[in-house]
A.B. asks: 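Okay, here's the structure, questions in a sec.
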Amino acid sequence: MKLNSTVTFVAAFSLLLIGCGREQKMVLDHVDTEKSTMVIEETSTKIFVYICGAVQKPGVYEMPENARVCDLIRCAGGFCENAKEDYYNQAELLFDGEKVYIPTEDEFIQNESEVSTDSGKVNINLADSTELMTIPGIGATKAAAIVAYREANGKFQHIEDIVNVSGIGDSTYQNMKDYITIS
């Protein structure tokens with residue numbers, strides 16, 4: 001009887017830990033040889049992230065605040081067959097309200113030809129985070145801020161408008177202005 005209770009407890013505990021990146025702490029209310037009552041307490045702050053494009057189950061997912069792109073892709077059922085799997089840095093941390101778009105191989109090839117102009121400048125209205133990080137002074141955080149600003153406010157009308165993005169001031173703009181375009 002005791003072995004049966006232990007096996008049931010281990011099985012229930014294992015099932016509770018399986019989940020899409022959710023950190024949970026198990027607290028035993030009491031232990032009885034006949035049955036156990038378990039209470040689950042959430043132990044971390046949650047964020048909500050939207051994933052779409054070439055994934056099996058696009059949608060909004062609740063994730064722990066320290067989740068990474070690879071965790072989100074796993075929750076969304078993995079990549080579709082034609083996904084550009086190396087498009088995102090899968091080790092990158094997610095942030096609340098972020099949109100993650102996974103393009104297909106065909107979309108990536110088409111977009112790549114549109115983003116870089118003949119002048120070698122990066123089109124800040126079309127570039128993704130990775131392409132934006134090729135601009136001097138733009139790292140992962142500022143690239144994500146540019147993409148988020150663009151999604152919230154639409155395309156930039158003038159290259160100078162990039163100073164409206166949080167974290168980009170006049171000095172950053174002066175260092176990058178020769179490397180960016182809006183057309």
A.B. asks: Working to the nearest 0.5 angstrom, can you tell me the gap between Ile146 CD1 and Met133 CE?
C.D. replies: 10.5 Å
A.B. asks: Might you point out which heavy atoms bring Ala54 and Pro103 nearest each other, and give the distance in Å?
C.D. replies: CB-O, 4.0 Å
A.B. asks: Locate the shortest heavy-atom distance separating Ala143 from Ser129; write the atom from each residue and the value.
C.D. replies: CB-O, 3.5 Å
A.B. asks: Could you list the residues that satisfy ring pair (Phe, Tyr, Trp, His ring centres under 6.0 Å) with Tyr179, not counting sequence neighbours?
C.D. replies: none
A.B. asks: Rounded to the nearest 0.5 Å, what separates atom CG in Leu126 from atom CD1 in Ile182?
C.D. replies: 10.5 Å
A.B. asks: With rounding to the nearest 0.5 Å, note down the distance linking CD in Glu81 to OG1 in Thr104.
C.D. replies: 12.0 Å
A.B. asks: In the single-linkage hydrophobic clustering (I, L, V, M, F, W, Y; side-chain heavy atoms under 4.5 Å), do Ile47 and Tyr61 co-cluster?
C.D. replies: yes
A.B. asks: Which is it for Asp170 and Val163 under the side-chain contact (heavy atoms from CB on, under 4.5 Å) test, yes or no, and what are the steps along the way?
C.D. replies: CA-CA 7 Å; Asp170 289 329; Val163 298; 4.0 Å; yes
A.B. asks: Can you see which heavy atom on Ser166 is nearest to which on Ala145, and at what distance?
C.D. replies: O-CB, 3.9 Å
A.B. asks: Check Tyr173 against Ile168 and note the closest heavy-atom contact, atom names and distance.
C.D. replies: N-CG2, 4.4 Å
A.B. asks: Is there a donor-acceptor pair under 3.5 Å between the side chain of Asp161 and the backbone N or O of His158?
C.D. replies: yes
A.B. asks: Would you say Gln56's side chain and Phe79's backbone share a donor-acceptor pair under 3.5 angstrom?
C.D. replies: yes
A.B. asks: Nearest heavy-atom pair of Ala83 and Ile102: which atoms, and what distance?
C.D. replies: CB-CG2, 4.1 Å
A.B. asks: Hey, which of Ile124, Leu132, Val165 is the one that makes side chain to side chain contact (heavy atoms under 4.5 Å, CB included) with Val147?
C.D. replies: Leu132
A.B. asks: Within a strict 4.5 Å, meaning less than it, do heavy atoms of the Ile73 and Val100 side chains meet?
C.D. replies: no
A.B. asks: May I ask you to decide if Asp128's main-chain N or O and Glu131's side chain share a donor-acceptor pair within less than 3.5 Å?
C.D. replies: yes
A.B. asks: Could you please spell out the steps behind the side-chain contact (heavy atoms from CB on, under 4.5 Å) verdict for Leu72 and Glu98?
C.D. replies: CA-CA 11 Å; Leu72 180 63; Glu98 183 174 3; over 6 Å; no
A.B. asks: If I compare all heavy atoms of Pro136 with all of Met176, which pair ends up nearest, and what's the gap?
C.D. replies: O-CB, 3.8 Å
A.B. asks: How many angstroms lie between CG in Asp178 and CD1 in Ile135, if you round to the nearest 0.5 Å?
C.D. replies: 12.0 Å
A.B. asks: Within this structure, what is the OG1-CD distance for the pair Thr45 and Glu65, rounded to the nearest 0.5 Å?
C.D. replies: 4.0 Å
A.B. asks: In Å and rounded to the nearest 0.5 Å, what is the CD1 to NZ distance from Ile162 to Lys142?
C.D. replies: 10.0 Å
A.B. asks: Does the pair Arg68/Asp71 count as a salt bridge with the N-to-O cut at 4.0 Å?
C.D. replies: no
